[in-house]
Every structure is written in C-alpha cells, then in structure tokens.
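Just so we're on the same page: letters track the sequence lines, and every chain starts at 1.
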Amino acid sequence: MVDLNIKIGTIEFKNPVMVASGTFGYASEFCDFFDPSVLGAVITKTVTEDFRPGNPPSRIVETTGGMLNSIGLPNSGVEPFIREKMPFLRKIKTRLIVNIAGKTGDEFARVVEKLEAVDGIDGYELNYSCPNVKEGGLSFSADAAVAEKVTANARKKTRRLLITKLTPNVTSIGDVGKAVENGGADAISAINTVVGMAIDLRKKKPRLSTITGGLSGAAIKPIAMAKVYELLKRTTLPLIAIGGITDTTDALEFLLLGACAVQIGTQNFVNPAIGRDVVEGIADYCRENHIHHISDFTGSLVI
Amino acid sequence: MNQNSKKMFVAPLYSKQKVTKSVYRLDFYEPDLTPLFRAGQFVNVSIPRCKEIVWRRPFSIHRVNSDKGCFSVLFDIVGRGTLALKNIQKGDKVNMLGPLGNSFECPDDTEQVILIAGGLGIAPFYLFLQQLEHRDIKKTIFYGAASAERFCCLNEFEQLDATLYLTTDDGSEGESGLITEPLWRYLETAELKRKTVLYTCGPTLMLKEVQKISKQFKLPAFVSVENVMACGFGACMGCAVPLDQPGEKRYLLACTDGPVFPINEIVIDG
Ligand SMILES: Cc1cc2nc3c(=O)[nH]c(=O)nc-3n(C[C@H](O)[C@H](O)[C@H](O)COP(=O)(O)OP(=O)(O)OC[C@H]3O[C@@H](n4cnc5c(N)ncnc54)[C@H](O)[C@@H]3O)c2cc1C
Ligand SMILES: Cc1cc2nc3c(=O)[nH]c(=O)nc-3n(C[C@H](O)[C@H](O)[C@H](O)COP(=O)(O)O)c2cc1C
Ligand code: FES
C-alpha cells in the first residue's frame, strides 16, 4: 500500500494533488469527467466580496506552450457563492479551499469573516497575485510590508488553514514569502500567472482587451520551479507548487524539489481528468519505486 | 444546461473526404454518443501528434448517421490546428469532449425556418435539417461563400428539401456581394409563413446584418457564435459573450450558455 497522505498545518489531505483556482470552476463543471473526491483538494475560483462581471473579451490567447488570460475574476460575490456554490462543493468528499481576493486588505478580511460561518470549508487561499485586476491584486505582493499586514489581518479572523498565493511578478518572491510567514500564513502556494502580452499583426492590435495578461501552462514551468526553489530557501512554510504542471512527471519534479503538494491549472482545460490521472500516476510511481509514504520522496532532490 | 451529459471519448476516424480546396469532412465512429448529438452542439477535439498546440479545437457537429454510428465535422484549414487535423488517417484515434453546448431549438408551431450561413457557418445546419426532415416546415437557406468552388454540400441540402439562395464575394456563383442582400429582398417580397424563425452562423459582419434584419422584420432569430475557447465546458470563463442590456456589463459563456443565443440578447463584437 502506498500512503499519499500529507499534512499542511493541522489539516490532512488524502494526496498532494490539488486543482488551481480559476481552472476548475466550482468543481461541478468537471463531474461528467471524473469524481473530484479523488483529489487532495479542490480550490475554488476566486471569490470577492461583491459581484464582478470580469473583463471584456477577448480574455484568452493561446501561446507557444501556454496561454494568456485576462479573465478579470468574474464571480457572483461571496453571499451568492455561499448560497449557490457551497451546497454542491460541500458534498465533494475531499478538502475544500476557497480562494479569496479583495481590492483592499480589509476586503480580504471581510470575505474571510463571512466564510467563517459556513461549514464545509477547510481553508482559504489569499490571491495576492492576479495581475489582471487593475484596482488590486498586484499591489498586495509588490510591497512585502503590505503582504504581511493583509495576511495578519486575515489570520486574526480565522483558525482555518491559511494559504497565501504569490505572484512571480515581483522583484523578490523570497521577501514576500518571508513577509507572509511573519504575517501568520500556514502555507504558501506559488506561482500565479506570469505577466505577458501578445499582439495580432494583421489587426495591428493587442490580442487581449486588457493589453497584458497572465501567462500559464507548460511554458512557465521552469519559472515556477525557480520561484518555488527560492521560497523553499527563504521560508520554513510548507509550499504548494503551481505552474505548468501537465502530467505526473511534472508533479513529481515539484515534490522532489521539496513542495509538499502541487496544483494543476491550465491542463484542466486540455485534459479535464488530469487531476485524477496525476493522483494515479503518483501512486504508480511510488509503487514501482518502493516508496511507502510520499513524504519519504518529498524534498529528496540531490543538489 | 443541455440534457445530455458530456464525456471525454476517443473515436476512430472512419473516413475522410476533401469537400472543397481547403475544406475537409471527417467522419468518426462513435455509436453511443452519435444518437444524442443535437444540431448546434459541438465537440472539442484534441489535435493528435501536435505537442506545440495547447488547446483543443471546437467544431460543430455537422451531420450524424446513427445507422453507421458515425458523426461528422466539417472544417476549413485556417491555422496550425486545422492543418494538422487534415493529416489524420482512417483508423487514427482522436480524443474529444462532447457533446458540448446548447442546440438550435425549433418551436412546435414553426412553419418556416430560414438558415443564413457564411462560409463554414454552414456546418451545423446540415444536422439541423436532418433533425427537421420529418417535420412539415418550409426550409430556406441563404448561403454565402468567397467563390463558387467554396460551397459545401449544395446537392445534399436540396435533397433535404431546402430552397437555396447563394451569393459569392467574387460573383462566380449566384449574386456577388453579401448574403444578407438577397435576404432583405426575400423578406420584403416573399410570402412568409406566419411562424418564421431565423438561424444564423458565420462571419461577424453577416451576424450583425441578421441582427438588424431580425429587428426590422420582427422575426425571432438565433445565432451560433464561434468564440475562441480554452476549455469548451465552462471552466476557464474565457469565452465571454456580452449581454445586450443597459447598466453594468454582464457576460454569458459561449460554451455553456451557448453557442446558440437569441440574436438580440447579445452584443456581436468586431
Ligand atoms: C462552437 C464552435 C464551433 C465551431 N465549428 C466550426 C466548424 O464546424 N467548422 C470550422 O471550420 N470551424 C469551426 N469553428 C472554428 C474553429 O474552431 C477554428 O477555425 C479552429 O479552432 C482554428 O484552429 P487552428 O489551429 O487551425 O487556427 P489557429 O492557428 O488557432 O488560428 C488561425 C486563425 O484563425 C482564427 N481563429 C481561431 N479560432 C477561431 C475561432 N474560434 N473563431 C474565429 N476565428 C478563429 C485565429 O484568430 C487566427 O487568425 C468553431 C468554433 C466554435 C467556438
Ligand atoms: C483562465 C485562468 C483563470 C485563472 N483564475 C485564477 C483565479 O481566479 N484566482 C487565482 O488565484 N488564480 C487564477 N489563475 C491562476 C492559476 O490558478 C495558476 O496559478 C496559474 O495558471 C499557473 O498554473 P498552470 O501553469 O498550471 O496553469 C487562473 C489561471 C487561468 C489560466
Ligand atoms: S471555453 Fe472555457 S468557459 Fe467557455
């Protein structure tokens, strides 16, 4: 028997495979393809205090080995989320992390507060990073002191698992990592999308309505790996690796580097059952290599 | 939401046909799902042997043959994905998601349907006519293409009892100019059945004209949109379609709320 159980903070997860915010909807979109209960955790699309319509089209562009997006965090707002999405999410037999964003540090804290009263939520992931949202996002990570304060404010509101999701679009992700550790985060997830741009030569126009957007997919895996490596050196927090994971091998590489878990993003669009495939793939790998517990493998990279 | 649940499936190529200089028809063997496919719905196709292509490519379901257990897609070569798709061989197994999206609905009391297609916008209308075959409905098609040799399946549409009006950009067949020109004239002069519904699919310019026509003649009209899609099943929120309403902007998703919309409820961009 292979044991894929992991523990982050005080919470146990049945395996280290999660699905990244904004790439798995609210899970119901995937139920025709596989049962999300097999995942280590489901992470919701970002929830904000109020309704957001999202950005005008065009919102997505395919690029070499990846894609650009400027979706703009469309969501119904936290109250409708609780009413309309939670009844289904609660039924999935695995951990549920709600991803949160706000225009201000106070909004993060208010959304956490509203979700505290709701059962079936195991933790929060604070989205400090979405580069698409003009009025917020970027700034929470750009300044380490702000990142620390926002984390500390959210920490005061909850004893649930608190994950801070970081952007690579900063001078030093290590500094921000250190800051959110000081702020009281239980774990760090990284990376969010890398700022990028694409142009349509024929139309002589940018391809995204917001001109720049966030790059994701296989193309960003090496960047993600370097950022996770830097964070591992700078903080003692558990790290959840995100960025360009398209198969079991990619996921294992991040675990080998020292991430305690991984999140799969863009690949969910391409192969909607990739989460299940990677869970099975990791179990097979462990079996073949006589790894009894996944933690025996995590961080065993030889440098 | 559509009534059928979607699946990821692998279908072997049953046959390949070159329809025009750059248009191909692929028939896939999928006996279980074929009877469920509704006109307007699409499949999202993983392009085989093409590592550098990230997303699947969406194609309307063009026709079904439930006896043979086959369904078809009809596509034009416009880029790398469609170029690679053209090269697949009989027996090759292709991974797809489907059926996706909603479908063309034709209310019970409908007496006439007018289908307005530009280029490959014709693709879903063959299946639509197949589905209307045994209903007592007058069927008229307005079909525009770049030139005479670019029309697809003209004989077959006639076999399905449809009256065709054609235009080409270069005048090599039918009138030259926009397909909506003869449509305007037809609506002004022809004796329309009382319950007439318009359906359209194709280039943006044409869709905008049909939007005007639908308003002018107060005819209900449905459009099938072809947004760029990353997932095709409601997960990425990339395929936003703006709702035409005053006040704060709101968006629907082309892949799950559509691809078929009442034409006057959405903003047609471009
Ligand atoms: C629901 C739906 C049904 C469709 N049905 C059909 C069909 O039955 N037959 C058919 O031939 N095509 C259909 N399309 C369009 C088809 O998906 C695109 O032509 C295809 O994805 C292009 O892939 P490519 O790799 O060859 O082109 P790319 O290399 O991706 O692009 C080549 C060029 O085509 C443009 N393009 C790409 N995708 C689209 C798109 N979705 N709409 C408009 N322009 C695009 C690009 O901007 C670029 O200029 C449909 C699209 C949708 C959303
Ligand atoms: C279409 C799309 C939407 C996204 N939406 C969100 C979001 O709402 N909140 C968030 O924190 N990250 C969002 N992300 C970022 C992903 O969660 C992930 O961090 C990023 O895509 C990198 O992982 P990947 O390369 O595996 O896709 C989104 C990414 C994509 C492609
Ligand atoms: S294509 Fe992803 S939501 Fe429509």
Side-chain angles (χ1 to χ4, degrees), chain A residues 19-34 45-46 50-76 132 203 207-209 213 215-219 244 246 265-274 276-277, chain B residues 1-10 33 44-47 50-58 78-81 95-100 204 225-243 245 247-256 266-270:
Chain A
V19 280
S21 177
T23 66
F24 206 72
Y26 302 95
S28 61
E29 294 83 350
F30 287 78
C31 287
D32 285 331
F33 302 118
F34 78 107
K45 171 97 193 138
T46 291
D50 299 316
F51 165 79
R52 290 177 57 93
N55 290 328
S58 71
R59 292 177 172 183
I60 49 173
V61 185
E62 190 181 45
T63 62
T64 309
M67 65 178 280
L68 280 168
N69 88 80
S70 63
I71 307 289
L73 306 182
N75 78 101
S76 57
N132 309 319
K203 292 186 187 156
R207 285 189 184 269
L208 290 175
S209 68
L215 184 65
S216 65
T246 64
T266 301
Q267 192 66 13
N268 290 305
F269 305 148
V270 179
N271 170 8
I274 184 67
R276 178 200 60 198
D277 293 354
Chain B
M1 289 297 278
N2 68 70
Q3 59 278 33
N4 314 316
S5 67
K6 53 196 183 288
K7 287 199 168 54
M8 177 154 54
F9 61 95
V10 176
L33 293 177
N44 211 0
V45 179
S46 168
I47 308 292
C50 236
K51 262 283 183 188
E52 69 274 22
I53 293 181
V54 180
W55 296 339
R56 291 165 183 267
R57 295 293 189 263
V78 298
R80 324 178 270 174
N95 184 302
M96 305 188 207
L97 309 178
L100 301 174
T204 307
V225 299
E226 296 198 340
N227 287 43
V228 172
M229 293 181 175
C231 72
F233 53 91
C236 73
M237 305 187 102
C239 60
V241 176
L243 269 174
Q245 58 174 34
E248 189 171 27
K249 271 257 174 280
R250 295 228 175 203
Y251 301 97
L252 297 174
L253 297 180
C255 65
T256 48
I266 63 168
V267 179
I268 294 169
D269 270 327

Please give me the minimum heavy-atom distance between [X] and [Y], naming the atom from each residue.
{"X": "B:Gly238", "Y": "A:Ile71", "result": "CA-CD1, 3.7 Å"}
{"X": "A:Pro57", "Y": "B:Ala240", "result": "CG-O, 3.5 Å"}
{"X": "B:Val54", "Y": "A:Gly65", "result": "CG2-C, 3.6 Å"}

### Query
With a 4.5 angstrom heavy-atom cut-off, which part of B:Leu97 approaches chain A: side chain, backbone, both or neither?
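Interface part for B:Leu97: side chain.
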Side chain / backbone / both / neither for [X] at chain B, heavy atoms under 4.5 Å:
{"X": "A:Lys203", "answer": "neither"}
{"X": "A:Ser58", "answer": "neither"}
{"X": "A:Phe34", "answer": "neither"}
{"X": "A:Ala273", "answer": "both"}

### Query
Under the side chain to side chain contact (heavy atoms under 4.5 Å, CB included) criterion, do A:Glu62 and B:Val228 qualify, and how do the steps go?
CA-CA 9 Å; A:Glu62 190 181 45; B:Val228 172; over 6 Å; no
To the nearest 0.5 angstrom, please state how far the [atom1] atom of [X] sits from the [atom2] atom of [Y].
{"X": "B:Met237", "Y": "A:Asn69", "atom1": "CE", "atom2": "CG", "answer": "12.0 Å"}
{"X": "B:Tyr251", "Y": "A:Asn55", "atom1": "OH", "atom2": "CG", "answer": "7.5 Å"}
{"X": "B:Cys231", "Y": "A:Asn271", "atom1": "SG", "atom2": "CG", "answer": "13.0 Å"}

### Message
side chain to side chain contact (heavy atoms under 4.5 Å, CB included), that's the test. Do B:Met229 and A:Phe269 meet it? Break it down for me.
### Response
CA-CA 10 Å; B:Met229 293 181 175; A:Phe269 305 148; over 6 Å; no
### Task
Pick whichever of B:Lys7, B:Lys249, B:Arg56 has the most heavy-atom pairs under 4.5 Å with chain A.
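Ranked by contacts with chain A, first place is B:Arg56.
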#### Entry: Which of B:Cys239, B:Ser46, B:Gly234, B:Cys236 touches chain A most, by non-hydrogen pairs under 4.5 Å
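So the answer, after comparing B:Cys239, B:Ser46, B:Gly234, B:Cys236, is B:Cys236.
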### Flag side-chain contact, heavy atom, 4.5 Å: B:Phe233 against A:Pro272
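A side-chain contact exists here, since the closest heavy-atom pair is under 4.5 Å.
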